[in-house]
Amino acid sequence: MSAKLSRRSLLRGAGMAIAGALVAACQPKVVEKVVEVEKEVTRVVEQEVVKEQVVEKTVVVEKVVEKVVEKMVSDSPLPWKYQPLGTPNDGKPITLTYWDWHAPRVEMMERWFRQYTDMYPNVTFEVTTIPWSDFLTKTKASIPAGQGPDIQYFHQNNHQTFVYGGLLEPYPEELFPKTEILETFPMTAEWLGPDGRVFWIPTGAMTALIYYNKDMFEAEGLTGDDIPTTWDEFLDFAKSLTQYDAAGRVSVSGFDVNGAEAGNTSGVAYFMWKNYGHWKWDEDYTRPCYAQQEFIDSLQWVVDLKEKHKVVDPDFLQLTDAFAANMAYMIFQWSWYTGDLNLNNPELNYGCRRVPTLTGDFAPCAGNGSPDPQSIVVPVTTPAERKPVCFDLIAYLYSNPDFLVDNALTLGSPPTAPALLNHPLLQSDESIVAAGPQSEWVMYTHEQGSPLALEEATKYIQDGIFLSGMDVKEAVFKAQEESDRLTADFIKEVGKENFHVAEREYRHADQITFGECLM
C-alpha cells in the first residue's frame with residue numbers, strides 16, 4: 001500500500017473533521033428521538049407522525065448546522081467565509097441533479113454531497129457520469145432546452161461557449177462577494193465573465209509532471225532524484241532504461257509518450273516549445289502561430305523519441321496502459337492523472353517529479369497549464385426555485401478548506417488559494433510537491449472558445465505526424481492554414497470584443513518573445 005493511499009485515507013477522515021464529526025456527534029440522539037416519536041404516535045394517527053417527525057428533525061438539524069458553520073468559519077484561514085441563506089428549500093424535500101465526467105472527482109463529490117445531506121436531510125443528490133467525449137455536446141444541447149442538470153462540473157475550455165454564450169447563471173453577490181472571492185482565489189480575476197461577474201472558480205493550477213514507477217526504479221538502484229532536469233540528459237536517461245526483445249522491439253519503455261501527442265497543444269512538444277519562451281498568439285490576438293521553428297523542432301524531438309532513439313515504438317502500449325502494466329519506467333502526463341491512478345491502480349507504487357526544461361531552469365517558462373480543478377456551475381435554465389439551493393451548496397463547498405484540500409489531492413494540483421499552499425496534507429502529496437516549484441513558471445493562459453475550433457486545426461499535427469507519418473514541417477504548415485481560417489471565422493462570428501485571449505497576462509511576460517512565424 002503506497003503512502004499516497006494512506007494520505008488518501010487520512011484525507012477522508014480530515015474531510016469529515018468539520019461537518020462530519022459534528023453531525024455524527026449529534027446524530028445518534030436525533031435518530032433515537034425521531035424513532036421514539038414514530039413508535040409512540042404511529043399507533044394513534046399516521047398523519048401526525050409525518051408532521052411531528054419533520055418538525056423535530058428540522059429543529060435539531062438547524063442546531064447542528066449552526067455549530068458546523070460556526071466552527072467552519074472560525075477555523076477557516078480563507079478570506080471568504082460561508083454565509084448560509086438558511087434552511088435550503090424551506091425544509092421541503094429536493095433532489096439536485098449533478099453531471100460530471102471524471103470518475104475520481106465524482107467519487108469525491110459524492111462524499112461531500114453526503115455531508116451536505118447530513119446537514120440538510122431534505123437535500124439529496126442524483127449523480128450522472130458522462131464520458132468526456134460526449135459531455136460538451138450533451139450539455140450544450142440540454143441546457144438551452146431546459147433539460148440539463150441542476151448543477152454540473154465546468155471545464156475552462158468551455159468558458160467562451162458557456163459563460164459568454166449565456167449558458168450559465170452568475171454566482172450571486174450575496175453568497176460570493178467578489179472582493180473576498182478574488183482575495184481567496186486570485187486566478188479568478190483572469191476568468192471573470194460579462195460585467196466582471198463570477199461564473200465559476202478556478203480552484204487549482206494544473207500542470208504536467210513526469211510520473212515514474214518506484215518499484216522499477218528501485219530494481220535499477222535508482223530513485224526519483226536521479227531523473228534529470230534537462231531534456232537532453234533526460235533523453236539519455238530514458239534510453240538507458242529502455243529494454244528490447246530479441247527482434248529489437250521495445251519490451252519496456254524508458255519514457256512512453258504514446259498518447260501524449262493528443263490535444264490541441266500536442267502534449268510534450270508544446271511543453272518543450274514553451275521552454276523556448278515564445279508566444280503562440282500575435283500581439284493583437286488575431287492568429288495563433290504554430291509555424292515557428294521552435295515548435296517544429298519540439299515536435300521533431302517527440303518523433304525522434306520513437307523513430308531515432310527508440311525509447312518507445314509507435315505501436316507500443318499507450319502511456320497510461322503501459323504505466324499501469326509496469327511496462328514503462330516514466331511517462332509524461334497532466335497532474336489530473338494522480339486521481340485516476342489512485343482510483344484505478346491503487347496498488348501501483350509510483351512517484352512524481354517536475355518536468356525537464358531546455359536548460360534545467362524554469363525561466364522564462366516551464367510550460368503551459370490550465371486552471372484545474374475548477375468548480376461546479378449552475379446552468380441558466382435551472383429552475384429559479386432550485387438555484388438558491390445550488391448556490392448554497394457551491395458556497396459551502398468552495399469556502400471550506402477541508403473540501404479544497406480534498407479537491408487538490410484528488411486532482412493532484414496545487415490549490416490556487418494561497419492560504420492553503422502550506423497545508424500539511426498537501427505538502428505530503430508527492431504530485432503537488434513536484435508541481436509546486438514549477439507552478440510559478442507555468443503559463444496558465446486561456447483562449448476562451450478558440451481551443452474548440454483549434455482542436456480541429458491541430459488534428460493535422462496529431463493525425464498527420466503521429467498517425468500518418470507526415471513530415472513535421474508539412475503537418476505544421478497545414479495546421480497553420482486551418483487555424484488561420486478557423487480563428488478568423490470565429491472572431492467574425494462572435495466579434496473581436498467577445499474573443500478573449502490572455503496569453504500576455506503571464507506573470508513573467510517580460511521574459512517572453514514572439515518567434516518568427518514562417519507563414
Side-chain angles (χ1 to χ4, degrees), residues 78-83 136 139-140 143 151-206 280-281 284-285 368-382 387-388 390-399 404 407 411 413-420 439 442-453 490-491 493-509:
L78 303 176
W80 172 41
K81 313 296 182 183
Y82 173 54
Q83 300 295 336
L136 177 61
T139 50
K140 280 178 65 177
I143 291 175
I151 51 176
Q152 68 172 77
Y153 205 75
F154 180 79
H155 192 284
Q156 56 93 11
N157 272 6
N158 303 334
H159 188 95
Q160 178 80 41
T161 304
F162 279 71
V163 175
Y164 282 86
L167 295 182
L168 299 183
E169 186 78 12
Y171 284 7
E173 182 74 19
E174 61 268 25
L175 275 180
F176 303 86
K178 185 175 176 180
T179 300
E180 285 81 357
I181 294 293
L182 295 183
E183 186 178 357
T184 304
F185 305 101
M187 194 185 289
T188 306
E190 298 179 24
W191 296 91
L192 297 173
D195 301 321
R197 301 193 67 178
V198 177
F199 287 76
W200 62 280
I201 299 173
T203 58
M206 187 184 72
K280 180 169 75 174
W281 289 84
D284 296 328
Y285 296 128
N368 64 310
S370 64
D372 187 60
Q374 291 108 18
S375 63
I376 298 172
V377 294
V378 179
V380 69
T381 51
T382 296
K387 286 177 181 176
C390 297
F391 284 120
D392 186 77
L393 166 74
I394 295 172
Y396 168 70
L397 293 178
Y398 291 98
S399 64
L404 292 173
N407 191 44
L411 276 298
S413 298
T416 58
L420 297 179
S439 294
V442 171
M443 192 180 292
Y444 300 104
T445 58
H446 53 97
E447 304 149 9
Q448 298 169 9
S450 62
L452 302 178
F490 184 80
I491 292 176
E493 177 186 349
V494 304
K496 188 66 172 71
E497 69 280 3
N498 293 320
F499 179 60
H500 306 273
V501 180
E503 190 178 38
R504 283 168 174 76
E505 292 179 18
Y506 173 54
R507 57 177 60 88
H508 302 294

Check [X] against [Y] and note the closest heavy-atom contact, atom names and distance.
X: Val442; Y: Gly369; result: CG1-N, 3.4 Å
X: Arg504; Y: Tyr285; result: N-OH, 2.9 Å
X: Pro202; Y: Trp191; result: CG-CD1, 4.2 Å
X: Lys496; Y: Asp284; result: NZ-O, 3.1 Å
X: Ala189; Y: Leu182; result: N-CD2, 3.6 Å
X: Leu78; Y: Ser399; result: CD1-O, 3.5 Å

Side chains of [X] and [Y]: do they bring a donor and an acceptor to under 3.5 Å?
X: Asp392; Y: Tyr82; result: yes
X: Asn407; Y: Thr203; result: yes
X: Thr139; Y: Tyr153; result: no

Between Trp80 and Phe176, is the ring centre distance below 6.0 Å? yes
Beyond-backbone contact of Leu420 with Pro415, side-chain heavy atoms, under 4.5 angstrom: yes
Using a 4.5 Å cut-off on heavy atoms from C-beta on, say whether the side chain of Val163 contacts that of Pro194. yes
How many angstroms lie between [atom1] in [X] and [atom2] in [Y], if you round to the nearest 0.5 Å?
X: Gln152; Y: Ser375; atom1: CD; atom2: OG; result: 10.5 Å
X: Leu404; Y: Thr184; atom1: CG; atom2: OG1; result: 9.0 Å
X: Phe162; Y: Leu136; atom1: CZ; atom2: CG; result: 5.5 Å
X: Ser370; Y: Gln156; atom1: OG; atom2: CD; result: 4.5 Å
X: Asn158; Y: Tyr164; atom1: CG; atom2: OH; result: 15.0 Å
X: Leu393; Y: Ile376; atom1: CG; atom2: CD1; result: 5.0 Å

Using modelled atom types only, decide if a donor and an acceptor are shared between the side chain of [X] and the backbone of [Y] within a distance under 3.5 Å.
X: Glu173; Y: Lys178; result: yes
X: Gln374; Y: Trp200; result: no
X: Thr381; Y: Ile143; result: yes
X: Thr416; Y: Met187; result: no
X: Glu183; Y: Pro79; result: no
X: Thr188; Y: Phe185; result: yes

Pair Lys140, Thr161 - check side-chain contact (heavy atoms from CB on, under 4.5 Å), show working. CA-CA 8 Å; Lys140 280 178 65 177; Thr161 304; 3.9 Å; yes
side-chain contact (heavy atoms from CB on, under 4.5 Å) assessment of Ile151 paired with Val377: CA-CA 6 Å; Ile151 51 176; Val377 294; over 6 Å; no
Evaluation steps, side-chain contact (heavy atoms from CB on, under 4.5 Å), between Leu168 and Val378: CA-CA 6 Å; Leu168 299 183; Val378 179; over 6 Å; no
Could you give me the CA-CA distance, side-chain angles and deciding distance for Phe154 and His159, then say whether side-chain contact (heavy atoms from CB on, under 4.5 Å) is met? CA-CA 9 Å; Phe154 180 79; His159 188 95; 4.3 Å; yes
Full working for ring-ring contact (aromatic ring centres under 6.0 Å, His included) between Phe391 and Tyr171: CA-CA 7 Å; Phe391 284 120; Tyr171 284 7; 5.7 Å; yes
Taking the basic N atoms (NZ, or NE/NH1/NH2) and the acidic carboxylate oxygens, is any pair closer than 4.0 Å for Glu169 and Lys387? yes
